[in-house]
Amino acid sequence: MNIEVFGPQHVDGLGAFAAEMGPGELAVIKEDIGDPDARAKWAADGRHCRWVALDRGEVVGFGALIPLAGWSSHVGEIRVVTRPSHRRRGLGTAMAGHLLGRAIVGGLAKVTVEVVAGDAGTLGLFEQMGFRPEAQLADHIRDRNGRSRDLVLLAHDVEQVRASLDSTSAADSLYH
Ligand SMILES: CC(C)(COP(=O)(O)OP(=O)(O)OC[C@H]1O[C@@H](n2cnc3c(N)ncnc32)[C@H](O)[C@@H]1OP(=O)(O)O)[C@@H](O)C(=O)NCCC(=O)NCCS
């Protein structure tokens, strides 16, 4: 498995991945990976803030690290989706770890992720990685079927991770 910056060569593969997901799940992910126009736009995005995981050439994971603007320009928001056929094998954790690494290298201080309230498995994944819930926002998600859900905002203090890396030789392998 390898992780690459999302580009034009991955647009159709990500579409095939989206087609494997049920409409219920596609309705509640923030990145509309089922929309061909959105995929084409991301492929042309010069910020290079989206990545795919490939298994023998097949797109099996997708992740984004979206830098926020203005007074939150020290914060990045991550989004991770893995192909249903490849779940519970550590891929979601690997994608999220990749995005955290990019955030550290990119100088961000804080990384957030938004999870649908009640999705214990996904909340557990991010909490195992050091994210902590900071807020629950009522009816903050309206999915593509018009149904409202609460949203849990989790955050990771990546500045602290960078500070501890800076004091070790691990920083050399991460930064170079
Ligand atoms: C959340 C998601 C990315 C997890 O992907 P994954 O490839 O299955 O993740 P991992 O295999 O790394 O899971 C790591 C751990 O998280 C927990 N976990 C993940 N999904 C779980 C589930 N459905 N039920 C219970 N625990 C779960 C488990 O502890 C798991 O470890 P285990 O398999 O050894 O028990 C995937 O389910 C997905 O794409 N969901 C839809 C999009 C989404 O909600 N993204 C998150 C917000 S952006």
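The structure presented is a predicted model; accordingly, all values stated were derived computationally and were not measured. Just so you know, ligand 1 is whichever comes first in the structure, and atom 1 is the first atom listed for that ligand.
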- Logged contact type for T93 with ligand 1, heavy-atom cut-off 4.0 Å, is both

- Taking atom 26 (N) of ligand 1 as the reference point, the nearest protein heavy atom with its distance: G121 CA, 3.3 Å

- Query: Can K30 be said to touch ligand 1, with heavy atoms closer than 4.0 Å?
  - Reply: no

- Rounded to the nearest 0.5 Å, the CD1 atom of I141 sits from the CG atom of L151 at a distance of 4.0 Å

- Query: Short list, please: which atoms of ligand 1 are under 4.0 Å from a heavy atom of T122?
  - Reply: 1 (C), 46 (C)

- D143 side chain to N145 backbone, donor-acceptor under 3.5 Å: yes

- Item | Residues which pass ring-ring contact (aromatic ring centres under 6.0 Å, His included) with F126, listed by chain and number, not counting sequence neighbours | F131

- Just jot down the ligand 1 atoms closer than 4.0 angstrom to any heavy atom of R87, in number order. 7 (O), 8 (O), 36 (C), 37 (O), 38 (C), 39 (O), 40 (N)

- Message: With the threshold set at under 4.0 angstrom, would you say E114 reaches ligand 1 through any of its heavy atoms?
- Response: yes

- Query: Can you list the residues that meet the ring-ring contact (aromatic ring centres under 6.0 Å, His included) rule with H98, with sequence neighbours excluded?
  - Reply: W51

- Task: May I ask you to decide if V59's main-chain N or O and R83's side chain share a donor-acceptor pair within less than 3.5 Å?
- Result: yes

- Message: Below the 3.5 angstrom mark, is there an N/O of V113, backbone or side chain, next to an N/O of ligand 1?
- Response: no

- Got the closest protein heavy atom to atom 2 (C) of ligand 1, with its distance? T82 OG1, 4.1 Å

- Below 3.5 angstrom, do we get any N/O pair linking G92 and ligand 1? yes

- Message: When you compare ligand 1 with Q128, is there at least one nitrogen or oxygen pair between them that comes in under 3.5 angstrom?
- Response: yes

- Expected output: side-chain S164 to main-chain V161 donor-acceptor under 3.5 Å: yes

- Task: Look only at interatomic distance and state if I29 has a nitrogen or oxygen under 3.5 Å from any nitrogen or oxygen of ligand 1.
- Result: no

- Message: Under 4.0 Å, counting heavy atoms only: does G90 come that close to any atom of ligand 1?
- Response: yes

- Nearest-option assignment for atom 22 (C) of ligand 1, heavy atoms, candidates E25, R88, E77: R88

- Message: For ligand 1 and R89, I'd like to know whether there is a polar contact (N/O to N/O, distance under 3.5 Å).
- Response: yes

- Item | Nearest-contact summary for atom 13 (O) of ligand 1 - protein heavy atom, Å | L125 CD1, 3.8 Å

- Specify the closest pair of heavy atoms between E134 and K110, including all atoms of both residues, with the distance to one decimal. OE1-NZ, 2.9 Å

- Task: State, with a plain yes or no, whether a side-chain heavy atom of R147 is found less than 4.5 Å away from one of R142.
- Result: no

- Task: Please state whether the rings of W42 and F6 are parallel, tilted or perpendicular, taking 30° and 60° as the class boundaries.
- Result: perpendicular

- Task: For R79, counting its heavy atoms only, list the atoms of ligand 1 lying under 4.0 Å from any of them.
- Result: 48 (S)

- Message: Tell me if the CD atom of E4 is crowded by more than 12 foreign heavy atoms within 6.0 Å.
- Response: yes

- Message: Determine whether any protein heavy atom is located less than 4.0 Å from atom 6 (P) of ligand 1.
- Response: yes

- Query: So, the side chain of D150 versus the backbone of D139: is there a donor-acceptor pair under 3.5 Å, distance only?
  - Reply: yes

- Query: Closest non-hydrogen protein atom to atom 43 (C) of ligand 1, residue and atom name please, with distance?
  - Reply: V80 O, 3.7 Å

